[in-house]
**Q** 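Pasting a structure here, questions to come.
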Amino acid sequence: SVFGDIVSSGTGAYDIKVGDGFLLAHNVGLMTLHTASGNANNGVIVKAVNGGVLVETKPGQMIDDRSGGFYVKSRNAIHFKTDGSNWWVI
């Protein structure tokens, strides 16, 4: 949709796909970014609607030159963008 996809997961996890441009995270505790490799200039905005969400990368990739996840606080949004190797917070 123009305003993004609403993600609600009973398992508390969601794998972000190529083409997921804007996601509203309802009751999702963990989101995993798709691989950065081969996807330069791809990005996604994650909005945590009720409760925060931990956003992680695929193994061996980083967010802002850090390993591990990036926490998006409830009612906040973060734009993640890839350079084709790793992820960056914009």
Side-chain angles (χ1 to χ4, degrees):
S1 92
V2 173
F3 295 105
D5 295 315
I6 297 171
V7 176
S8 182
S9 174
T11 63
Y14 179 77
D15 288 327
I16 297 171
K17 299 165 192 59
V18 174
D20 281 347
F22 178 74
L23 298 172
L24 295 173
H26 289 270
N27 300 315
V28 179
L30 175 66
M31 298 181 110
T32 303
L33 293 161
H34 62 76
T35 185
S37 180
N39 289 303
N41 296 317
N42 191 269
V44 62
I45 297 170
V46 174
K47 166 94 174 167
V49 178
N50 53 347
V53 60
L54 179 64
V55 179
E56 293 185 338
T57 64
K58 296 291 184 188
Q61 297 178 4
M62 297 188 289
I63 300 173
D64 278 358
D65 282 335
R66 297 183 303 147
S67 59
F70 195 95
Y71 189 75
V72 182
K73 293 180 182 179
S74 184
R75 304 286 180 205
N76 286 285
I78 302 289
H79 186 179
F80 298 92
K81 189 113 173 145
T82 178
D83 61 6
S85 298
N86 291 294
W87 289 89
W88 300 94
V89 173
I90 305 299

**Q** For the residue pair Leu54 and Met31, establish whether any side-chain heavy-atom pair is separated by less than 4.5 Å.
**A**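 Contact flag for Leu54/Met31 side chains = no.
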**Q** Check the hydrophobic clustering (I, L, V, M, F, W, Y; side-chain heavy atoms under 4.5 Å; chains of links allowed) and say if Val49 and Phe22 are grouped together.
**A**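 Val49 and Phe22: one cluster.
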**Q** Of all heavy-atom pairs between Val53 and Ala48, which one has the smallest distance, and what is that distance?
**A**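 Nearest pair, atom of Val53 first, then Ala48: CG1-CB, 3.9 Å.
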**Q** Taking Asp64 for its side chain and Arg66 for its backbone only, find out whether a donor-acceptor pair lies under 3.5 Å.
**A**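 Pair absent, no side-chain N/O of Asp64 close to backbone of Arg66.
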**Q** Are Leu23 and Ile16 side-chain neighbours, meaning at least one heavy-atom pair lies under 4.5 Å?
**A**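 Yes - at least one pair of side-chain heavy atoms lies under 4.5 Å apart.
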**Q** Does a side-chain heavy-atom distance below 4.5 Å link Tyr14 with Val46?
**A**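 Side-chain contact under 4.5 Å: no.
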**Q** I'd like to check Asn42 versus His34 (side-chain heavy atoms, cut-off strictly below 4.5 Å). Are they in contact?
**A**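 Result yes, sub-4.5 Å side-chain heavy-atom pair found.
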**Q** Taking all heavy atoms of Asn41 and all of Lys81, pick out the closest pair and write down the distance.
**A**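 Where Asn41 meets Lys81 most closely, the heavy atoms are O-NZ, 2.8 Å.
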**Q** Roughly how far, to the nearest 0.5 Å, is OH of Tyr71 from CD of Glu56?
**A**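 Answer for the CD-OH pair, Glu56 versus Tyr71, is 13.0 Å.
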**Q** Any heavy-atom pair between the side chains of Trp87 and Lys58 that's under 4.5 Å?
**A**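 Counting from C-beta outward, Lys58 and Trp87 never come under 4.5 Å.
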**Q** Can you see which heavy atom on Asn39 is nearest to which on Thr35, and at what distance?
**A**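 That closest heavy-atom pairing would be ND2-O, 2.9 Å.
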**Q** Show the nearest heavy-atom pair for residues Asn86 and Gly60, with the distance to one decimal.
**A**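 Scanning both residues completely, I find the closest heavy atoms to be OD1-O, 4.3 Å.
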**Q** How close do Ser74 and Gly51 get, heavy atom to heavy atom, and via which atoms?
**A**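 Distance-wise, the nearest heavy atoms are OG-N, 3.1 Å.
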**Q** Side-chain contact test, heavy atoms from C-beta onward, threshold under 4.5 Å: evaluate it for His26 versus Asn50 and give yes or no.
**A**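 Side-chain contact under 4.5 Å: yes.
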**Q** Are any non-hydrogen side-chain atoms of Ile63 and Leu33 less than 4.5 angstrom apart?
**A**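 Sidechains of Leu33 and Ile63: in contact.
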**Q** Taking the side chain from Lys47 and the backbone from Ile78, do they hold a donor-acceptor pair closer than 3.5 Å?
**A**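 No, because the side chain of Lys47 does not come within donor-acceptor range (under 3.5 Å) of the backbone of Ile78.
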**Q** Flag yes if more than 12 heavy atoms outside Lys17 fall under 6.0 Å of its NZ atom; otherwise flag no.
**A**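 Enclosed.
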**Q** Looking at Thr57 and Gln61, what are the two nearest heavy atoms and their distance?
**A**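 Thr57 and Gln61 have their closest heavy atoms at OG1-O, 2.9 Å.
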